[in-house]
Participant: 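What follows is a structure written as structure tokens; I'll ask about it next.
When a residue number appears, it is its place in the shown sequence, counting from 1.
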Amino acid sequence: MRCLLIEDDLDTSESIREGLAAAGYAVEVCYDGPAGLARLDAERWDVVLLDRMLPGDVDGLDLLATLRLRGDLTPVLVLSALSSLDERIRGLRSGGDDYLTKPFALDEILARVDALVRRAGQRPDPEMFRAGPITLDPRLRRVCRDGRPIALQPREYQLLECLLRHQGTVVTRKMLLAAVWGFHFDPETNVIDVQMSRLRTKIDGDGAPSIIRTVRGAGYTIDADEHACP
């Protein structure tokens, strides 16, 4: 089982890493939010242990919200020194599967990680997304139009998946920046417009209206009713 530990305290991270490794987990460690997001982007993990209070602009809950916005259902155990009921509820509502306060016993971490992995094994496969002639299969990361595969770059695929997961609602620029680029601020560039233009060129048929609609001043949407498949 592969475990990603995102924890900035060196002593704590090493203690957890050693304990999980002794229990048979293959553990990789990151020490801040951006590094954690990069590893989550690049590889698949069976479970994530995430420190609530990470240094820099991307804290634990920012990272967690980004992960869930992308549709990533990897089990996440939130580790935190913030033990109030409000903070525990906030961590769970942000997408955490479990919340453990510091200080903690290593045996309890192992028990909770084992439980999360067992529950994840009972989850159904991710659903296929459809919008008109477009289908997206998250298991294979494959996009087709009328059954014919469409080659998308990673950012283009992530944009389309994010829009399809939120089909029928407006996805804001801020949401897209967080989900696709990991930015929790607007870098004031046209990066979204450029990628969206490339995506539309690839998925829209000749002369057909785009399935992606721009909502001026708000963001983008795929209208579920208009493009629903029979």
Participant: Run the side-chain donor-acceptor check on residues 151-161: report pairs under 3.5 Å with partners two or more places apart or on a different chain.
Facilitator:
unit_1, atom_1, unit_2, atom_2, d
Arg155, NH1, Val180, O, 2.5
Glu156, OE1, Gln153, N, 2.8
Glu156, OE1, Lys202, NZ, 2.8
Glu156, OE2, Lys202, NZ, 3.4
Glu161, OE2, Arg165, NE, 3.0
Glu161, OE2, Arg165, NH2, 2.8

Participant: Arg145: what forms a salt bridge (Lys or Arg N to Asp or Glu O under 4.0 Å) with it, not counting sequence neighbours?
Facilitator: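 Scan of Arg145 (salt bridge (Lys or Arg N to Asp or Glu O under 4.0 Å), adjacent residues dropped) gives none.
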Participant: Among all residues two or more places apart in sequence or in another chain, which pass the side-chain hydrogen bond (donor to acceptor under 3.5 Å, both in side chains) test with Asp204?
Facilitator: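 Testing Asp204 for side-chain hydrogen bond (donor to acceptor under 3.5 Å, both in side chains), a comparison that skips the adjacent residues, returns Ser210.
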Participant: When rounded to the nearest 0.5 angstrom, what is the spacing between CD in Glu108 and CG in Leu100?
Facilitator: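 Answer for the CD-CG pair, Glu108 versus Leu100, is 5.0 Å.
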Participant: Take Leu77 and Leu116 through the test side-chain contact (heavy atoms from CB on, under 4.5 Å) and record every step on the way to the result.
Facilitator: CA-CA 8 Å; Leu77 171 59; Leu116 289 178; 3.8 Å; yes
Participant: Can you name the side-chain hydrogen bond (donor to acceptor under 3.5 Å, both in side chains) partners of Thr169, sequence neighbours left out?
Facilitator: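 Residues passing side-chain hydrogen bond (donor to acceptor under 3.5 Å, both in side chains) with Thr169: none at all.
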Participant: Just distance, no hydrogens or angles: give the donor-acceptor pairs under 3.5 Å from side chains in residues 84-93, sequence neighbours left out.
Facilitator:
unit_1, atom_1, unit_2, atom_2, d
Ser84, OG, Glu87, N, 3.2
Glu87, OE1, Arg52, NH2, 3.4
Arg88, NH1, Ser83, O, 2.5

Participant: Provide the closest heavy-atom pair for Thr101 versus Leu82 in the form atom of the first, atom of the second, distance.
Facilitator: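 Closest approach of Thr101 to Leu82, heavy atoms only: CG2-O, 3.9 Å.
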Participant: Does anything in residues 25-37 form a side-chain hydrogen bond (donor to acceptor under 3.5 Å, both in side chains)? List the pairs, not counting sequence neighbours.
Facilitator: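 Sorted pair list: Tyr25-Asp114.
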Participant: Verify, without hydrogens or angle tests, whether Trp45 (side chain) and Arg39 (backbone) share a donor-acceptor contact under 3.5 angstrom.
Facilitator: yes
Participant: Mind checking whether Cys162 and Val171 have side chains closer than 4.5 Å, heavy atoms only?
Facilitator: yes
Participant: Find the distance between CD1 (Ile203) and SG (Cys144) and round it off to the nearest 0.5 Å.
Facilitator: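 It is 12.5 Å, given to the nearest 0.5 Å.
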Participant: Between CD1 of Ile6 and OG of Ser13, what distance do you get to the nearest 0.5 Å?
Facilitator: 12.0 Å
Participant: Nearest 0.5 angstrom please: Ile134 CD1 to Leu163 CG, how far?
Facilitator: 12.0 Å
Participant: For Asp146, enumerate each residue passing the side-chain contact (heavy atoms from CB on, under 4.5 Å) test, keeping only those at least two apart in sequence or located in another chain.
Facilitator: Pro133, Arg148
Participant: So which heavy atom on Ala131 is nearest to which on Gln167, and how close?
Facilitator: CB-OE1, 3.9 Å
Participant: Are the charged groups of Arg119 and Asp97 less than 4.0 angstrom apart, N to O?
Facilitator: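 No.
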Participant: Give, for atom CG of Leu49 and atom SG of Cys3, the distance between the pair rounded to the nearest 0.5 Å.
Facilitator: 4.5 Å
Participant: Holding to side-chain contact (heavy atoms from CB on, under 4.5 Å), I want the full list of residues that pass it with Leu67, two or more places apart in sequence or in another chain.
Facilitator: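 Per chain and number, Leu67 pairs via side-chain contact (heavy atoms from CB on, under 4.5 Å) with Leu40, Asp72, Val76.
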Participant: Out of curiosity, does Val170 fall in the hydrophobic cluster containing Met175 (side-chain heavy atoms, cut-off under 4.5 Å, transitive links)?
Facilitator: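 Cluster IDs for Met175 and Val170 differ.
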Participant: Only counting residues at least two apart or in another chain, list the ones meeting side-chain hydrogen bond (donor to acceptor under 3.5 Å, both in side chains) with Arg173.
Facilitator: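 Testing Arg173 for side-chain hydrogen bond (donor to acceptor under 3.5 Å, both in side chains), a comparison that skips the adjacent residues, returns Asp193.
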Participant: Quick check for you: to the nearest 0.5 Å, what is the distance between Leu79 atom CG and Ile109 atom CD1?
Facilitator: 5.5 Å
Participant: Side-chain contact test, heavy atoms from C-beta onward, threshold under 4.5 Å: evaluate it for Arg141 versus Leu136 and give yes or no.
Facilitator: no
Participant: What's the verdict on side-chain contact (heavy atoms from CB on, under 4.5 Å) for Leu54 and Asp51, showing C-alpha distance, side-chain angles and the deciding distance?
Facilitator: CA-CA 6 Å; Leu54 294 172; Asp51 185 23; 3.8 Å; yes
Participant: For Ser80, what residues pass the side-chain hydrogen bond (donor to acceptor under 3.5 Å, both in side chains) criterion, not counting sequence neighbours?
Facilitator: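 Here the qualifying residues are Tyr99.
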Participant: Looking at residues at least two apart in the chain, or sitting in another chain, which of them share a salt bridge (Lys or Arg N to Asp or Glu O under 4.0 Å) with Arg200?
Facilitator: none
Participant: Assess whether side-chain contact (heavy atoms from CB on, under 4.5 Å) is satisfied between Leu177 and Val191, documenting all intermediate values.
Facilitator: CA-CA 9 Å; Leu177 284 166; Val191 61; 4.2 Å; yes
Participant: Yes or no on side-chain contact (heavy atoms from CB on, under 4.5 Å) for Leu5 and Cys30, after CA distance, side-chain angles and deciding distance?
Facilitator: CA-CA 6 Å; Leu5 171 61; Cys30 294; over 6 Å; no
Participant: Side-chain heavy atoms under 4.5 angstrom apart, residues restricted to Ile, Leu, Val, Met, Phe, Trp, Tyr: same cluster for Leu64 and Met53?
Facilitator: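 In one cluster with Leu64: Met53, yes.
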Participant: For the residue pair Tyr220 and Met196, establish whether any side-chain heavy-atom pair is separated by less than 4.5 Å.
Facilitator: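 Result yes, sub-4.5 Å side-chain heavy-atom pair found.
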Participant: If hydrophobic clusters are built from ILVMFWY residues whose side chains come within less than 4.5 Å, do Phe104 and Leu20 share one?
Facilitator: yes
Participant: Which residues satisfy the side-chain contact (heavy atoms from CB on, under 4.5 Å) test with Ser197, sequence neighbours excluded?
Facilitator: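 Once residues adjacent in sequence are excluded, Ser197 has no partner under the side-chain contact (heavy atoms from CB on, under 4.5 Å) criterion.
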